[in-house]
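These notes concern the structure reproduced below.
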Amino acid sequence: MSEAKQIPADAGGGLDRLYRRYAVWLHRRLRSSVGPEAAADVVQDTYIRIAPYADRGIRHPKAFLLKVAMNLVRDNHRTEARKDRRIAELAPPDAEAPPQFSQVLLGQVVRDMPQLYRDVFVLSRFGGMTYPDIARTLDVSVKTVEWRMARAMEYCASRLDL
């Protein structure tokens with residue numbers, strides 16, 4: 001037999017007792033706000049954080065555990081927000097150039113598109129009109145609008161190498 005001693009279930013003092021009694025409850029409370037995986041991590045971090053206080057006798061353990069857990073969640077959100085700000089600050093200043101270039105390129109493609117397709121494309125994509133509205137405006141059938149829009153999309157895809 002090994003020389004390791006079996007630790008009784010009631011050993012470990014207040015922290016073990018608190019964990020056995022409230023860990024599942026705390027996980028359920030956190031799961032809806034941070035997700036199941038993050039909730040499990042927060043529960044573990046909460047018990048690590050409260051370890052020094054566990055043997056002192058906590059009057060309202062649920063309130064104490066939930067307050068510590070929510071503070072950890074808030075701290076994690078702040079840390080993530082700081083990381084996001086740093087990443088945004090480190091982004092190159094010309095990060096805005098590709099969308100502008102794409103807009104200019106799309107404008108050239110639309111201008112070069114045959115008039116038949118361009119009218120339908122512009123009314124739909126830039127005018128926000130529905131196919132039936134376009135059909136009434138151009139005095140054509142909805143099927144014709146659908147056909148012309150399909151050709152306009154093919155034209156754009158071929159010119160933009162999509």
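On a predicted model such as this, the values are computed, not experimentally measured, just so you know.
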> Applying salt bridge (Lys or Arg N to Asp or Glu O under 4.0 Å), which residue pairs with at least one partner in residues 126-141 are found, sequence neighbours left out?
Replying inline: Asp133-Arg136

>> Can you confirm whether Arg125 sits close enough to Met153 that some side-chain heavy atom of one is under 4.5 Å from a side-chain heavy atom of the other?
In response: yes

>> Please find the pair of heavy atoms, one from Met149 and one from Ser124, that lie closest to each other, and give the distance.
In response: CE-OG, 3.4 Å

>> Could you report the tightest heavy-atom contact between Val120 and Ile134, atom names first, then the distance?
In response: O-CD1, 3.9 Å

> What distance do Met113 atom CE and Asp119 atom CG have between them, rounded to the nearest 0.5 Å?
Replying inline: 10.5 Å

> Should Val24 and Leu72 be regarded as members of a common hydrophobic cluster, given that ILVMFWY residues are connected when their side-chain heavy atoms come within less than 4.5 Å of each other, either directly or indirectly?
Replying inline: no

> From Thr144 OG1 over to Leu138 CG, what is the distance, rounded to the nearest 0.5 angstrom?
Replying inline: 10.0 Å

>> How close do Ala69 and Leu26 get, counting heavy atoms only, and between which atoms?
In response: CB-CD1, 4.0 Å

>> How about CZ on Arg29, more than 12 heavy atoms from neighbouring residues, nucleotides or ligands closer than 6.0 Å, or not?
In response: no

> Looking at side-chain heavy atoms only, is the closest gap between Lys62 and Leu65 below 4.5 Å?
Replying inline: no

>> Contact between Leu66 and Trp25 at the side-chain level, heavy atoms closer than 4.5 Å - yes or no?
In response: yes

> Among side-chain atoms of Glu80 and Asn76, is any donor-acceptor pair under 3.5 angstrom?
Replying inline: no

> Would you say the side-chain atoms of His27 pair up with the backbone N or O of Val42, donor to acceptor, closer than 3.5 Å?
Replying inline: no

>> I'd like to check the side chain to side chain donor-acceptor pair (under 3.5 Å) partners of Gln44; sequence neighbours left out, ordered by chain and number.
In response: Tyr19

>> Please give me the minimum heavy-atom distance between Tyr131 and Glu146, naming the atom from each residue.
In response: CD2-CG, 3.5 Å

>> Under the rule for side-chain contact (heavy atoms from CB on, under 4.5 Å), what residues qualify as partners of Pro114, not counting sequence neighbours?
In response: Tyr117, Tyr155

> At their closest point, which heavy atom of Arg118 faces which heavy atom of Asp112, and how far apart are they?
Replying inline: NH1-N, 4.5 Å

>> As an exercise, state the distance from CG of Asp16 to OH of Tyr47, rounded to the nearest 0.5 Å.
In response: 10.0 Å

> When you look at Arg148 and Val140, which way does the side chain to side chain contact (heavy atoms under 4.5 Å, CB included) test go after all the steps?
Replying inline: CA-CA 11 Å; Arg148 289 179 183 176; Val140 294; 4.1 Å; yes

> How many angstroms lie between atom CG of Leu18 and atom CD1 of Ile58, to the nearest 0.5 angstrom?
Replying inline: 5.0 Å

>> Is there a continuous path of hydrophobic side-chain contacts, each under 4.5 Å between heavy atoms, that joins Ile48 to Tyr53?
In response: no

>> As an exercise, state the distance from CZ of Arg159 to CD of Gln108, rounded to the nearest 0.5 Å.
In response: 12.5 Å

> So how far is it from His77 NE2 to Arg82 CZ, rounded to the nearest 0.5 Å?
Replying inline: 13.0 Å

